Amino acid sequence: MLVDTQPATHQHMPATPEVRDEWVESQLIGVFMGQAMQSLIAAGLALPVLLFMMAGEVHAPSLWLWAAVVAALLIGRYRMIGLYHLRYDSVGGPMRQTFVRKYRWTWGLVGFCWGSSIALVYQQASLQTQFVCAVVVMGHGMVSLTSFSAYLPIFRLYITALFGATALGLLTQGLIFSGDPVVWRHTAAMMILLVIFWVLLLVAGRRLHSVHRSSLELQFSNQELIDSLTQQTRASLRAIATKNRFLASAAHDLRQPVHALSLYADWLASEPEMARDIAPRILQSTRAINELFDSL
């Protein structure tokens, strides 16, 4: 009786750090793109509010040019997000990274355009309009913290462009009104607050990004453990199936000489004078059983 008692097993190989980092990076891009629509909706709601507040208070051609550029960028971002979900949401790895690198500049341009709204209203519009514009710019910074921090390069690019354009607008208007010391004091105070807010957002974004990354790394490790346990379970099931086949074969092989012994015993009980002929057959069956047990 020859039965293979060694089931085929496939050892689960742990992923390399490079594979893990590539997977985590791809998932971070997925989280980032999944939340990009939130910031787009917020921007779409803020644009008509700003236009309503600034209309009639700032230079009209500059206002409508700025609004046209922002609207075109919002439409472009909407189409880009749709393209991502259509072609890249179901893939991962280098393709997602290539997509994000290709369109990364658009986030910087959008941030710069929103920050440049300060140059349109600072010292030119009413205090209410300036306040609303400042709140919108700060709101974009806060929205970017929750929407963009999953992918740190774009988050840094966006808020740097946003607050860089804001600072540029403050300094430009401050130079125009350089003869008024009150304006300069206000400009200096707002610049200091702007830098503080920018630094705080960078720190908060880095920490939130660390939370995203740690969560995905834990998810990757758990998935590896699940895959390993699944493969071990399958190997155990294969081993059990092999054992069952082996025992069934052994039982079948043992049944034949045992059945023969039973027949010989019945024969010997009914015809004792046949002991000389039956004894060698009993010995032969007993020897076969011993050989089967040795094999087993």
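Small disclaimer: the values here were computed from a predicted structure and weren't measured.
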Closest heavy-atom pair and its distance - Ser117, Val137: OG-CG2, 3.8 Å

Hphob cluster co-occupancy, Leu109 + Val143, side-chain heavy atoms under 4.5 angstrom: no

Approximate separation, where rounding is to 0.5 Å, of Ile81 CD1 and Leu86 CG: 13.5 Å

Euclidean distance, Leu28 CG relative to Gln97 CD, rounded to 0.5 Å: 10.0 Å

Short side-chain donor-acceptor distance under 3.5 Å, Arg77 and Ser39: yes

Exercise: identify the closest heavy-atom pair between Ser147 and Gln38: OG-OE1, 4.0 Å

Closest approach of Leu201 to Ile159 (non-hydrogen atoms, all atoms of both residues): CB-CD1, 4.1 Å

Val136 side chain near His140 side chain, heavy-atom distance below 4.5 Å: yes

Arg245 and Thr242: side chain donor to acceptor below 3.5 Å: yes

Any donor-acceptor pair under 3.5 Å from Ser26 side chain to Trp23 backbone: no

Side-chain heavy atoms of Arg87 within contact of Leu83, under 4.5 Å: yes

Pairwise side-chain contact, Phe131 with Leu127, heavy-atom cut-off 4.5 Å (strictly under): no

Parallel, tilted or perpendicular, as decided by the 30° and 60° cut-offs, for the rings of Phe99 and Tyr84: tilted

Pairwise distance CH2(Trp107) to CG(Leu162) - rounded to 0.5 angstrom: 15.5 Å

Distance-only polar pair, side chains of Tyr122 and Thr187, donor-acceptor under 3.5 Å: yes

Atom pair CG (Leu152) and CG (Leu202), whose distance is rounded to the nearest 0.5 Å: 8.5 Å

Test log, rule side chain to side chain contact (heavy atoms under 4.5 Å, CB included), inputs Met191 and Leu171: CA-CA 8 Å; Met191 287 292 298; Leu171 290 176; 4.3 Å; yes

Closest heavy-atom pair and its distance - Leu145, Leu208: O-CD2, 3.3 Å

Hphob cluster co-occupancy, Ile75 + Met33, side-chain heavy atoms under 4.5 angstrom: no

Residue list, side chain to side chain donor-acceptor pair (under 3.5 Å) with Ser62, at least two apart or on another chain: His59

Tyr103 backbone acceptor or donor facing Thr106 side chain under 3.5 Å: yes

Between CG on residue Leu170 and NE2 on residue His186, distance to nearest 0.5 Å: 12.5 Å

Nearest heavy-atom neighbours spanning Glu57 and Thr129: OE1-OG1, 2.9 Å

Arg206 side chain near Arg156 side chain, heavy-atom distance below 4.5 Å: yes

Residue pair Trp198 / Thr160, side-chain heavy-atom distance below 4.5 Å: yes

Over 12 non-hydrogen atoms of neighbours within 6.0 angstrom of CE in Met138: no

Validation row: Leu45, Val49 side chains within 4.5 angstrom (heavy atoms): no

Donor-acceptor contact present, side-chain Arg96 to main-chain Asp89, <3.5 Å: yes

Whether Tyr151 and Phe32 hold their rings parallel, tilted or perpendicular, with breakpoints at 30° and 60°: tilted

Gap between atom CD1 of Ile29 and atom CD of Glu25 - 0.5 Å precision: 5.5 Å

Test item: Val110 and Trp114 side chains (from C-beta on) under 4.5 Å apart, heavy atoms: yes

Cluster check Trp64, Leu50: I/L/V/M/F/W/Y, side chain < 4.5 angstrom: yes

Donor-acceptor contact below 3.5 Å, side chain Gln130 vs main chain Ile118: no

Path from Leu200 to Met142 over hydrophobic side-chain contacts below 4.5 Å: no

Pairing residues for Phe155 by the ring-ring contact (aromatic ring centres under 6.0 Å, His included) criterion, not counting sequence neighbours: none

Joint cluster assignment, Leu63 & Val69, ILVMFWY side-chain distance < 4.5 Å: yes

Exercise: identify the closest heavy-atom pair between Ala125 and Val58: CB-CG1, 4.2 Å

